[in-house]
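Have a look at the structure below, then the notes.
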Amino acid sequence: MRSVLYLLAVSLLFFNLLWGPAGLDWGVIEAVRLPRVLGAVLAGAALSLAGLLLQTALRNPLADPYVLGVSGVSALTALLSYLAWRFFHMQYVGYLGGALAGAAAASLLLLTLSTRASLYAVLIAGVMTAFLTSAVLQLLLMLLPPEELGYVYLAMQGSFAAYPPGAVGYALALALVPVVAVAWRYSRWIAAYAHGEEAAAGLGVPVRRVNVLITALAAAATGLAVASVGPVGFIGLMAPHIARWSAGSHRFDKLVTPAVASGIALALLADAVTRALLPRDVPSSVVMSLVGVPFAVALFWRYVRGV
Amino acid sequence: MYVEFNVVKRLGDFQLAAKGRVEEGVTCVVGPNGSGKTTLMKILAGLLKPDSGRVEYVGVSSRVYVGDFYTPPEATGLDVVLAGRTRFGRRPVGREDVEKAAEYAELLEAADLLKRRISTLSGGQRQRLVIAAALASEADLLLLDEPLSNLHGDWRGRVMEVLRGLSRGRLVVVSTHHGDVLKCCHYVLQMENGVVAWLGPSADYQPRLAEAECGGSR
């Protein structure tokens, strides 16, 4: 089952890059399709990893990267930077600039908290932040004139097409590599959390330090994803489960690669469907659930029958 | 090879003030509930810091404590035993880890449980897997907190025999409420009200473990 997932991810990668109205024109590939594909790959890999980290560390199959609040703060600061330009004629740093600043700030706050308090406390703080930023965001949107509101609202939906092209895009994608590498390196320690934090400590895991590490990795991955493509749902929650079903295991150290692969496969699938069937400006996050749910159901069916 | 301790720890109303020494071999830790067995073991494991005093480890380079060990229902027996080897976690799970896991599971007659899901196993079977996990750690100092609680008399004896066999060049500390296993230990450490009430070779120990009494009324 795992190999099916890897095969799907790789074939979708090539398909999304090489298929399109302009055919195999390298200029078009680089300028139009590559950023979208990179966006899908980055968001898929990052959100899935973050989801897996949180579900493992919190021993909660419903944990999702958005409970960290990083996404909420990031969207809020992105909107604030737009409003600052719109109403106060400040320099516009773009969605990416505003979002990255917010993601970084939120991550730092979570990190600081994780050095002083339990993971549970970090989770609650993240959830409260998510609620708060969501409410403030809605209020701020009401400041906009109605004719602009629709456009801005749509622009704030996650979309792989919004991924920054060129060097910035490559840099962001590269920044995820050390995050995945570190998660993989410490995966056996993180896997021990499945037995309880106290059990993990008894087995030799330096739990206080690894809590900080887990927070840092999850926040960094989520931040990179939401800053570059905006909020995309479903992957963070479901890709880890899809990984479990296809790997036939619940152990973290066996799931890192399958989770990254399933996140990438889901994202690329959604992007392919968007490009093939829908008008160009439908945000990917909208399609994500429509595509993701049947995919997940099909895999879950096979898993349940096999267990 | 030994661990010498002289520690004080306050937890709420309870105070532990324990002094003693754990030698090579199997030490049974006994005492009433709340007497400080777990507290002492956690301090020796390095999981709790004493408020004052110190623990001296001589010839002990690794320590593992296994107490409340949640076994996820979807995990396999192998997953649980491999967890015991977490301290080797800097390397990905390799063939050696799996072989050692099988070896220690075999010692506890749990080799056929490795492929099964925890949800399909009885409490005693899960407990044997957890003990196998602890053994698979191959730590110099092994602290097992009430590992025999779910096990039938026959099994208690067999597990203690395995522990005895593996205790050469190792310090194995086992806490228990069962008096019948004391003869399987080399030493007995009795805790009472947070102090070490007795410590010495098990052959010299006069068991003072309380027996349950039910009232006469129906």
Side-chain angles (χ1 to χ4, degrees), chain A residues 52 55-63 118 180-211 213-214 240-258 260 300 303-304 306-307, chain B residues 38 41-49 61-94 97-98 115-120 126 129-130 133-145 147 173:
Chain A
L52 181 68
Q55 287 177 7
T56 304
L58 297 168
R59 284 171 300 287
N60 186 333
L62 293 179
S118 67
V180 178
V182 172
W184 186 84
R185 169 101 160 72
Y186 290 103
S187 56
R188 284 180 72 180
W189 279 4
I190 298 172
Y193 277 68
H195 304 284
E197 263 185 50
E198 188 187 272
L203 291 171
V205 177
V207 164
R208 307 220 69 183
R209 275 191 278 149
V210 177
N211 281 354
L213 180 72
I214 289 172
H241 290 281
I242 290 170
R244 287 183 194 102
W245 305 333
S246 43
S249 173
H250 282 72
R251 241 173 56 204
F252 181 85
D253 59 303
K254 286 175 90 167
L255 292 177
V256 176
T257 317
V260 166
F300 186 59
Y303 172 72
V304 164
V307 161
Chain B
T38 297
M41 288 174 78
K42 284 188 179 174
I43 289 175
L44 294 179
L47 295 177
L48 276 180
K49 269 211 174 60
S61 56
S62 53
R63 26 183 199 170
V64 160
Y65 167 91
V66 171
D68 238 328
F69 198 93
Y70 175 63
T71 49
E74 339 77 33
T76 60
L78 181 62
D79 290 340
V80 171
V81 183
L82 278 175
R85 295 188 65 79
T86 298
R87 71 183 187 92
F88 303 113
R90 292 196 184 269
R91 310 186 298 264
V93 171
D97 292 304
V98 177
K115 285 206 157 34
R116 305 218 356 224
R117 299 232 169 235
I118 296 296
S119 56
T120 66
R126 297 177 199 190
L129 286 168
V130 171
L135 295 176
S137 72
E138 300 185 316
D140 291 336
L141 170 62
L142 191 58
L143 298 135
L144 299 171
D145 210 342
V173 179

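Each chain gets a letter, A, B and so on, in the order its sequence line appears, and its residues count up from 1.
Although no hydrogens or angles enter the test, the distance criterion places no donor-acceptor pair under 3.5 Å between the side chain of B:Arg90 and the main chain of A:Arg188.
Of the atoms belonging to B:Ala45, not a single heavy atom falls under 4.5 Å from chain A. Only the backbone of B:Arg63 comes within less than 4.5 Å of a heavy atom of chain A; no side-chain atom from C-beta onward does. Both the backbone and the side chain of B:Thr86 come within contact range of chain A, each with at least one heavy atom under 4.5 Å from a heavy atom of that chain. Contacts of A:Ala191 with chain B are absent, with no heavy-atom separation under 4.5 Å from either backbone or side chain.
Put simply, the side chain of A:Glu198 reaches to within 4.5 Å of the side chain of B:Asp68, judged on heavy atoms.
Applying the ring pair (Phe, Tyr, Trp, His ring centres under 6.0 Å) rule to pairs touching residues 61-88 of chain B yields A:His195-B:Phe69, sequence neighbours excluded.
Using a 4.0 Å cut-off between a side-chain N of Lys or Arg and a carboxylate O of Asp or Glu, A:Arg244 and B:Glu74 do not qualify as a salt bridge.
A:Arg251 is linked by a salt bridge (Lys or Arg N to Asp or Glu O under 4.0 Å) to A:Asp253, B:Asp79, counting only residues two or more places apart in sequence or in another chain.
In plain terms, the two heavy atoms of B:Pro92 and A:Trp184 that are nearest each other are CG-CH2, 4.1 Å. The two residues A:Ala194 and B:Pro72 make their nearest non-hydrogen contact at O-CG, 3.6 Å.
Contact count against chain A (heavy-atom pairs under 4.5 Å) is highest for B:Asp97 among B:Thr76, B:Leu143, B:Asp97.
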